[in-house]
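The structure presented is a predicted model; accordingly, all values stated were derived computationally and were not measured. Residue numbers begin at 1 in each chain, while the letters A, B, ... track the order of the sequences.
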Amino acid sequence: MSAGGAVAVDEVVPVTSPTIGTQFAPARAGVEVRLAGLRRHYGQVVALDGIDLTVQPGELVALLGPSGCGKTTTLRLLAGLEDADAGQITVGGEDITHLPASKRDMGMVFQAYSLFPHMTVQQNVAFGLRLRRISKDKRNERAIEMLDLVGLTTQADRYPHQISGGQQQRVALARALAIEPQVLLLDEPLSALDAKVRAQLRDQIRRIQLEVGITTLFVTHDQEEALAIADRVGVMQNGRLEQLAPPTDVYSRPATSFVAEFVGLTNRLAGTVSGATVTVRGVELPLVDSTTSPGPAIALVRPEAVTLASDSAGDSGPLVGTVIATTFLGATSRVTVDLGDTTILAQLSTSDASALPAGSQVALTIRPDPVLVAAAETSAEPPA
Amino acid sequence: MAAVTSLGETSLAAPAVVSRGMQARRRRRLNLFRYLTFLIFGLFFLLPLLAMVRFSLEGSKLGTWSLSGWRQIVSYQGVGIPPLASAVEITLELAVITSVVVLALLVPTMIWVRLRVQWLARTLEFVCLLPLTIPAIVLAVGLFPVYNRIEHYSISALMLFWAYVILALPYAYRALAAGLNAMDVTTLSEAARGLGASWFTVIVRVIAPNMWQAILNALLLTSALVLGEFTLAYFLSFYNLQFELYSISRNTANATVIFSTSAASLMFAFVLLLILSYVGRRRRGRG
């Protein structure tokens, strides 16, 4: 029987001694992962509709999208846990499309806790090495090395049910890295954890990924997680990759209206496209896509592009409204303003927002950032 | 002012005290009911068993005590039937063979169906539970021509295991299914495969070790079923322990040996149950 049954407090210890490969084998350089025309359907449902994706060596790409968009399917096809209907998967230039999962040399961390319950933490980490017939001494040494990397050497003799959820996911990460895989696959590994642990572990995963230099595909539905951790973010919808770009571009230069609305909050404001601009409530805003056809459209405006000022004079106009609610978010606050025919969100510093209590008359200014427009079949809606 | 406060406190505290008192009385009544129920059912089960043990220790004269019934288990030879010891041996062997065959059949099949061919799960469940709906007598009538046919090859009573495997299927299936349902088989197997495990390794090293308790339960249920089965052995005329005891009771007047053997059989089942529970608890504690 191992040490006591009390579940340890979930505390992510900072990485202090990353000694990857120093005693066991040198860390591998990352490899390129290429998915070409990948298709997968379940009955009549198309899960993947011709995905093309290249992950550069040592890069961390996060796949982001709503439930059922195909991000997990992409990961499972890459891991070999499912077969593609069409398309090709190459890793490091080698075609692995038809290789079974056990021969793909990939480390994977799952959303559900996946540690083997009948093995100790150390045995779990050493399991992949045991299958590779590494001597007991060497695999134990490597297991301890990996546990040190995730800050869990003290838990080596415990069983999975004796450690917390966050610790279990860290052990799963150590187990995935212990076999020195070519690619690391993370399937929403943080979604079962509480917010604080999730943020800490997210940073730890990124730090370890950079230290090891392993090519990583990270699947998540949490946009904050994706934007914080990834070199590039791939936003998916209906089995297609809508945009693959660095986080800042995905946020500030969304390629499609879906990306604009899915990543971050967006105000949907009725306007009219004319040339390379869209006029919204009397304000001309440049368009991201200057080829947009002229006519009525819905402009997608970020809340942080909207600023508010007190309008004690009681003026009227298209950019004058009344504060109806304020949501405190810490350093910033989100203010909802009623413009009569629609509402608009503005994100302000909390000190600015506190000067505008509910009921205040305010004048809006919209910063002329490039915006995307959506088709105007429906009338302008409240912010997404 | 103080008096008002005091009154107020009293009026608030009084219902709480009354409520606590009522709760205590209710708890006492509930405990009394529990003990009484336990006592009645305990006596209901224990009295016949104690009577059986008492009869097994009956001496040659009524009311005297003797161990002769227990001593005769090893050596007793009824008229025109095999020795009692051989029937005991056959029954124990049948329990072992049936358990091994049932587990060898069901464990890999159920894991495989769960992992790879889930669409077969309902069919497998139906097939495994089907024997529950077939009375033993019907099964005996159905199997009789088969056993009659192969009897030309002088088969031993151990061949009963084929029929016992069918009888044990529903119980073993239920026990194993509970074990499989208690873990995330898909995720565990995918994690193992991702680490380089073959399907065989997944089943043997990852899934099966996590369903030890279920396997032990299936083993216990199968053994208990074999140790108590009479109908098939009787109709197919194979001397297992139950049929042997029945034959002794029909052909001789030696009641003590029947009771001593029955008591020994029962104690064996209890000991087996205790051992399996103990082993299961140890594994749970470790795992």
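- With a 4.5 angstrom heavy-atom cutoff, A/Arg132 touches chain B only via side-chain atoms.
- Atom OH of B/Tyr35 has 12 or fewer neighbouring heavy atoms from other residues, nucleotides or ligands inside a 6.0 Å radius.
- Contact between B/Val206 and A/His118 at its shortest, heavy atoms only, is O-CE1, 3.7 Å.
- With a 4.5 Å cut-off on non-hydrogen atoms, A/Ala101 touches chain B through its backbone and its side chain both.
- Around CZ of B/Arg122, the count of heavy atoms belonging to other residues, nucleotides or ligands within 6.0 Å does not exceed 12.
- For CZ of A/Arg130, the number of neighbouring non-hydrogen atoms (other residues, nucleotides, ligands) closer than 6.0 Å is 12 at most.
- In this structure, B/Leu195 and A/Leu131 approach most closely via the heavy-atom pair O-CD1, 3.8 Å.
- In A/Tyr42, the OH atom is crowded: over 12 heavy atoms of neighbouring residues, nucleotides or ligands sit closer than 6.0 Å.
- Contact tally against chain A (heavy-atom pairs below 4.5 Å) for B/Leu188, B/Thr187, B/Asp184, B/Asn210: the top residue is B/Asn210.
- Taking a 6.0 Å sphere around CH2 of B/Trp162, one finds it holds 12 or fewer heavy atoms contributed by other residues, nucleotides or ligands.
- With a 4.5 Å cut-off on non-hydrogen atoms, A/Leu115 touches chain B through its backbone but not through its side chain.
- Closest approach of A/Phe110 to B/Ala191, counting heavy atoms only: CE1-CA, 3.5 Å.
- Between A/Met108 and B/Glu190, the closest side-chain pair of non-hydrogen atoms is not below 4.5 Å.
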